[in-house]
Visitor: 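Take a look at this one; I'll ask things after.
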2 protein chains.
Amino acid sequence: MEKLTPKQQRVYDFIRDTLIDTGAPPTRAEIAQALGFASANAAQAHLRTLARKGAIELGSRRSRGIRLVNNSGEPASVDTAANDDTDDGLAVIGRVAAGEPILAVEHIERRVRIADDVFATPADYLLTVRGDSMTGVGILDGDLLGVKTASEVHNGQIGVFRLGEDVTVKRFFKSDTGAVRLQAENPAHADIQVDPEQDELVLEGLAVGVVRSIH
Amino acid sequence: MEKLTPKQQRVYDFIRDTLIDTGAPPTRAEIAQALGFASANAAQAHLRTLARKGAIELGSRRSRGIRLVNNSGEPASVDTAANDDTDDGLAVIGRVAAGEPILAVEHIERRVRIADDVFATPADYLLTVRGDSMTGVGILDGDLLGVKTASEVHNGQIGVFRLGEDVTVKRFFKSDTGAVRLQAENPAHADIQVDPEQDELVLEGLAVGVVRSIH
DNA sequence: GCCGCGACTGGATATATTTACAGCATGGAA
DNA sequence: TTCCATGCTGTAAATATATCCAGTCGCGGC
């Protein structure tokens, strides 16, 4: 994907935030208003550029026909403040493979009303965990994982990572040599060794909580 | 959530599928076409019904303004006697002294705002888990356990039991002979054998959910 | 029978939304 | 200097959408 300019990144981030907040992509007018443009056409121009660069896909003559193409090179968490509407709870935005990494599509499945103060660190959204690689720390298949977007992760923290096409939950470790190890918390699963120079590793966020419904 | 008719369920499913396929909810016309209606108004009527039943939320005059709410199934309970005061969240119960009712006001440590529909079965209160006897099923020391008061427990269900002076979380099994076994989900812990004739075993409630904050 | 509810058809209308066209300004590259 | 990408304003037209109104049909309860 071609690199985005700061302005274009803000447009992209707003689309993402709107998806999470409202369940649907924004219109040109909504983008213009949010970014302070007087004309919706400014937003239209940005969208064309984003589409040309491969960051999004546009549906022709389709209202709110904007799709995020996976793999935002940057963690995009510059202005998480955009996420503060709170009143309706958290969006469940997809599935995370916590085992053999499975393809994760970014979309909103539903919303769950969990207040900001339930987790020590407020979550920005929830992901449905798939797989059993983190059962050792009580994160089971089907659990909802509270995720807070972040731009950095410290040794030993549990984070949500994107490795190429896959999204996975693992415990993060980085050695002095720069090698990264994504550690599973289940003896049946091997750790994942990553060379940040070679592999495309993106931090999607930090795990801040778990919610499970017992049937 | 009120129960949906088969037709209504098909509409709901289509909304979900469209969300997954295109990244945005469908329009009335798209719903009508997909389900074979000649008029978009048929879809509109269905949407109104779904909204009334709480399955979705509709945005006014907003294109594709459809949000899935939470399909976790069961209607909110009617008899939430334990939920005495304000709907300001669930009470977190701390240490319970021997012989005292678990729901006594003095045991309430704080309140956590978790909506009724977060767990498939709404919880009446939250209990702070002590010990690691249930780590095998992802219930860890320090977790908040959602508990629903109940008068009976079936084989295999996880419940909160009072055994004399102690309150414990275990999986329940009753044999044909009437002997009760409270099973730990951790190899390091032995099961507890109970003779209901002899021992004082009280069911405080059923485990309906888990909430954990990751630091 | 009468009524409410679930499931529709058909048509009309007010908005919402996309998109094209015409410009303007800036800054870097050829 | 000219060309081109970025980043905008403003207006207008063409569509896409939501929503209202007026009916129809069948079914189960009162």
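It should be emphasised that the depicted structure is a prediction, and the values quoted were computed from it without experimental measurement. Proteins get letters first, then strands, A, B, ... in listed order; numbering begins at 1 in each.
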Visitor: Show your reasoning for whether side chain to side chain donor-acceptor pair (under 3.5 Å) applies to S63(A) and R64(B).
Guide: CA-CA 8 Å; S63(A) 79; R64(B) 302 175 191 275; 2.9 Å; yes
Visitor: Residues in side-chain contact (heavy atoms from CB on, under 4.5 Å) with T5(B), at least two apart?
Guide: K7(B), Q8(B), K53(B)
Visitor: Does one side chain, of S133(A) or N186(A), offer a donor that lies under 3.5 Å from an acceptor on the other?
Guide: no
Visitor: Rounded to the nearest angstrom, tell me the gap between atom CZ in R64(A) and atom P in dT19(C).
Guide: 14 Å
Visitor: If only side-chain N and O atoms of S63(B) are considered, is one of them under 4.0 Å from the OP1 or OP2 phosphate oxygen of dT17(C)?
Guide: yes
Visitor: Using a cut-off of strictly less than 4.0 Å, decide whether T27(A) has a side-chain nitrogen or oxygen near OP1 or OP2 of dA16(C).
Guide: no
Visitor: Report yes if a side-chain nitrogen or oxygen of R61(B) is closer than 4.0 Å to either non-bridging phosphate oxygen (OP1 or OP2) of dT17(D); otherwise report no.
Guide: no
Visitor: Could you check how far NZ of K7(B) sits from P of dC5(C), rounded to whole Å?
Guide: 19 Å
Visitor: E30(A) CD to dT15(C) P: how many Å, rounded?
Guide: 18 Å
Visitor: What is the distance, to the nearest angstrom, from the CZ atom on R52(B) to the C1' atom on dG6(C)?
Guide: 10 Å
Visitor: If the condition is side-chain contact (heavy atoms from CB on, under 4.5 Å), which residues does A190(A) pass it with, not counting sequence neighbours?
Guide: none
Visitor: Taking it one step at a time, do K148(A) and E204(A) satisfy salt bridge (Lys or Arg N to Asp or Glu O under 4.0 Å)?
Guide: CA-CA 8 Å; K148(A) 159 121 190 114; E204(A) 291 286 345; over 6 Å; no
Visitor: Has R10(A) got a side-chain N or O lying under 4.0 Å from the OP1 or OP2 atom of dT6(D)?
Guide: no
Visitor: Mind calculating the distance between CZ (R28(B)) and C1' (dT15(C)) to the nearest angstrom?
Guide: 13 Å
Visitor: Write out all pairs satisfying side chain to side chain donor-acceptor pair (under 3.5 Å) with one or both partners inside residues 35-48 of chain B, taking only residues at least two apart or from two chains.
Guide: R28(B)-Q44(B)
Visitor: Establish, with yes or no, whether the OP1 or OP2 oxygen of dA16(C) is under 4.0 angstrom from a side-chain nitrogen or oxygen of R62(B).
Guide: no
Visitor: Among residues at least two apart in sequence or on other chains, which ones pass side-chain contact (heavy atoms from CB on, under 4.5 Å) with Q157(A)?
Guide: V153(A), H154(A), L206(A)
Visitor: State whether the number of non-hydrogen atoms from other residues, nucleotides or ligands found under 6.0 Å of Q33(B) atom CD is greater than 12.
Guide: no
Visitor: With the threshold set at under 4.0 Å for non-hydrogen atoms, list the residues of residues 39-49 of chain A touching DNA chain D in residue-number order.
Guide: S39(A), N41(A), A42(A), H46(A)
Visitor: Are OP1 or OP2 of dA7(C) and a side-chain N or O of T5(B) less than 4.0 angstrom apart?
Guide: yes
Visitor: Round to a whole Å and report the spacing from CD of Q33(A) to C1' of dT17(C).
Guide: 15 Å
Visitor: Please indicate whether E197(A) has more than 12 foreign heavy atoms, meaning atoms of other residues, nucleotides or ligands, lying under 6.0 Å from its CD.
Guide: no
Visitor: Please state how far atom CZ in F37(B) lies from atom C1' in dT19(D), giving the value in whole angstrom units.
Guide: 17 Å
Visitor: Give me the distances for all protein-to-nucleotides 25-30 of chain C N/O pairs that come in under 3.5 Å?
Guide:
none

